[in-house]
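Remarks on the structure that follows.
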Amino acid sequence: MRAGIVIFPGTNRERDMAIALRRSTGHAPRMIWHRETELLDLDLVVLPGGFSHGDYLRCGAMAAHSPAMSAVKKFAARGGYVLGVCNGFQILTEAGLLPGALLRNASLRFLAGDCHLRVERSDTAFTGHYQRGEVFRAVMAHGDGNFFADDATLDRLEGDGLVAFRYATPSGEVSEAANRNGSARHIAGIFSPNRRVLGLMPHPENFVDPLLGGEDGKPLFDSLAALAA
Amino acid sequence: MSGRSVTESLARDFGLTAEEYGRVLAIIGRTPTLTELGVFSVMWSEHCSYKSSRVHLKTLPTSAPWVIHGPGENAGVVAIGDGLAAVFKMESHNHPSFIEPYQGAATGVGGILRDVFTMGARPVANLNALRFGSPDHPATRRIVDGVVRGIGGYGNCVGVPTVGGEINFHPAYNGNPLVNAMTVGIAPKDRIFLSAAAGIGNPVVYVGSKTGRDGIHGATMASAEFAADAEEKRPTVQVGDPFTEKLLIEACLELMATDAIVAIQDMGAAGLTSSSVEMAGKGGVGIELDLDAVPQREAGMSAYEMMLSESQERMLMVLRSDREALAQAIFAKWELDFSVIGRLTGTGRLVVRQAGRVEADIPLAPLAEQAPLYRRPTAPPPAAPPLGDVPDPIGLAEALLQLIGCPDLCSRAWVWDQYDATVGGQTVKRPGQADAAVVRVEGTRRALALTTDCTPRYCAADPRTGAAQAVAEAWRNITAVGGRPLAITDNMNFGNPEKPEIMGQFAEAVAGIAEACRALDFPVVSGNVSLYNETQGRAVLPTPAIGGLGVLDEAAQAVGIGLGAGLDLLLIGDTTGWLGQSLWLREITGREAGPPPPVCLEAERRAGDFVRAAILGGGVAACHDLSDGGLLVCLAEMALAGDTGLRLAAPPDDLPAHAFWFGEDQARYVLAVADGQILIDRAQAAGVPVRRLGRTGGSDLTLPDGVAISLASLRTRHERFFPSWMDPAGG
């Protein structure tokens, strides 16, 4: 499994993501500058967290128009796997690879710290090493993670089984208290229709080491590592 | 402004005394230009020259075998093993944070980050020590909100985890909050970049953001008291751009991997003036600047304005002349301005040109050597009268509930939840999990242990003891996670040094720091002095904030404060029931009285060395040092952090119960261990006081008389203050 990480000006979680990928795949991912367009050798492209272009426009809006994202769109259209986390998820929605938008958190404050995610399906390339209904811990660190889409889109996402994760309590209960950023229908992550593009707000890459708070996020990377090249 | 003629009266407006202006005239040999007067006034301001503090700071211990660079560089540098060095410093941004809390705090973070990556280090952790006015004061909420948002807004964006710090409230900070920001970075120890310029003819290069009219004379503002019109000083506050800072970090580190840089310095206080003067001065060379080449945000700026602008996210470098193109390409990749704005010369002078005109021509050696240096009069601080007996008015359980919920002891989760503590993927212990933040050094098994400490009410009652206590507590917090304390950075926040009682506090505090640093082998490697923290004649509490750094050879050996079930609880260290200046005294009886707890550095060292050895030997499940609130508060914090109850044994009968449980004697730790007797035997053999406190388990904190306080009720009280005060609607 060959992975690459796209770095935009202002990206800041590329090192965390590289650590997680290396831990599961056994080798270092390729670091791709946002002006590069050559992704042919890759099976997986990751858009990591950060504040691309400072997020001074809408989060992810500038990065969505970068040369690398044109290549990522073609890569996804060919059936390549794409993972966007936090700012990466925002970029995927701005680029039209995933529906909806990430609004300012309902509390109007930046939210960091642990959250719990319930796995909505385990038959995907990203979630194969989780069980359906399993709850895992991840950290959140965002100011704009409040997932929004119109009701028709939300109905379609749910009807087509494209909701990847929901915010939940540690025991798996989907509740308002667990949904700290106010996301529609508690949605923390969604798939593209072919389930080869995943965007999510919290950071599974920060929990891949027992020393650093646990390995709750590792199954996601193990699932990807198990993909045939 | 550029039209104003230079007179002694203008010099006074710029903060120079008549005597200091006389020296300027003697050095220049004519009436200075406005730009020259600006350069002298900022370089000789308290903020840049340390003219009131230098004679005292020289007495601090600054060396140890592991110290690579002590004070005098942009930040301190210590060896941490594996060929690596930790680079760190703490710096205040108090005055700007009062005038404009968000930008003041944000640019405080930005400035201290630059001090660290200037030296070639990748920043890996931020901490901040914050002091706010009384929660009842009408301005405090707005200031807390702005400062917390500012720290988060900058640190989160730039991608450096905010892993620790402290917050106190006191009416003495009503008109003068303190915002002290600390950054820690990691660099190869043989690749440290310094600021001394060298190589006549080498290009002087400006990189980063464009220069605008913001922050002009910020350093002068930070060198005077506030009057009632403080808010009118808003134009002197700078505006931060963390995105540009992020690019600047990456571009500088990329360039630092080459051999292009001869010297580098960030443009902090006094901007282009101090960076160019310091680089040339340290290198003993001259420097010529052509201001027309400086990237500018707005048209029509005068030389005076450009030399004094404190626009953020700018760096000045001296490059090898054959590496200009290489450097330019790196900055072009990161889309940052890059401009050759001058050359080094052999004249020993700073020459500034604009539109072909010489706007300043100043000999650098006298500018530095004849800078004012004052041994200001000091008045010894009055000794606090003894406290005497204080009866317990409300009992242990009620006192614990009140203390654990009071603004100085309640949960800071509302604050931490706005700071990204995990970016970088190396955070082993986050805020609230341990006495010190623990951050692994990427690519190694080692970790840094980081803390900031100061108990200002102790310092107010006895500055020498209080300052020594701040150093001791930093040393103890590092020890309590298993770390080996290496060095400190000190951030001295005091009032007006022209008042003998304030200078007396300062001198005593420096003496206290020096004593503690010597006794604990914990030298000062960097620091910052912030004076004139007064509004309308009222000074802040003397606040010598200490940033401590230690190292663990094995990150996996770090312990936190959270309890598990089935453990013995032991108290290490001697308890006399010291209630003077305790939080119990203040919160329960409404008094701030008595002397602070004495600091016995030998006892501190003995207890700490014992605790560290026990942690590294394995078998210690949790450890927490004793500080604000004393023993019962310490135990409650451990229970809440681990969500595990405990049952306490009877206290000694020779002390009043409230003095035993809430006294703030120093040099103490609580350990949770599987088998208490083994450690008791070892402590006794080592001559370290030890006492069995009880056992862990259940979901209550049960007092010796059988009264049980549920963890749920403790947690409710602990977590209530910040959300209900700051977001009363529940948002």
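Reminder, nothing fancy here: chain letters follow the sequence lines and each chain counts from 1.
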Ignoring hydrogens, what is the shortest heavy-atom contact between [X] and [Y]? Give both atom names and the distance.
| X | Y | result |
| --- | --- | --- |
| V423(B) | R13(A) | N-NH2, 3.2 Å |
| L212(A) | V428(B) | CD2-CG2, 3.4 Å |
| T11(A) | K246(B) | O-CE, 3.1 Å |
| F51(A) | N156(B) | CE1-O, 3.3 Å |
| F243(B) | P9(A) | CE1-O, 3.3 Å |
| T422(B) | N206(A) | O-ND2, 3.3 Å |

Which one, N87(A), I19(A), D114(A), leads in non-hydrogen pairs under 4.5 Å with chain B? D114(A)
With respect to chain B, which residue among E14(A), H203(A), R35(A) yields the maximal number of heavy-atom pairs within a distance under 4.5 Å? R35(A)
Against chain A, work out which of G425(B), P242(B), C157(B) has the most heavy-atom pairs shorter than 4.5 Å and name it.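 So the answer, after comparing G425(B), P242(B), C157(B), is C157(B).
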Heavy-atom pairs under 4.5 Å with chain A, option from E250(B), E245(B), Q426(B) with the top count: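 Greatest number of close heavy-atom pairs with chain A: Q426(B).
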Does some side-chain heavy atom of [Y] sit less than 4.5 Å from a side-chain heavy atom of [X]?
| X | Y | result |
| --- | --- | --- |
| V139(A) | R430(B) | yes |
| R149(B) | F110(A) | no |
| D241(B) | Y56(A) | yes |

Using a 3.5 Å distance criterion without hydrogens, assess whether the side chain of D16(A) forms a donor-acceptor pair with backbone atoms of G424(B).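 A pair under 3.5 Å: yes.
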Looking at A141(A), is its backbone amide N or carbonyl O close enough to the side chain of D420(B) to form a donor-acceptor pair, meaning the two atoms are under 3.5 Å apart?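 Not confirmed, D420(B) side chain does not pair with A141(A) backbone.
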At a 4.5 Å cut-off on heavy atoms, which part of V438(B) comes close to chain A: side chain, backbone, both, or neither?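 For V438(B), neither part sits under 4.5 Å from chain A.
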Contacting moiety of K333(B), where chain A heavy atoms sit under 4.5 Å: both
With a 4.5 angstrom heavy-atom cut-off, which part of D55(A) approaches chain B: side chain, backbone, both or neither?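 Neither part, no heavy atoms under 4.5 Å.
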Chain B contact via L211(A) - side chain, backbone, both or neither, heavy atoms under 4.5 Å: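 Its backbone and side chain both get close to chain B.
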Is the closest basic N to carboxylate O distance between R109(A) and D727(B) below 4.0 Å?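 Salt bridge flag = yes for D727(B) with R109(A).
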Is it the case that more than 12 heavy atoms not belonging to R137(A) sit under 6.0 Å from its CZ atom?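 More than 12 heavy atoms, drawn from other residues, nucleotides or ligands, come within 6.0 Å of this atom.
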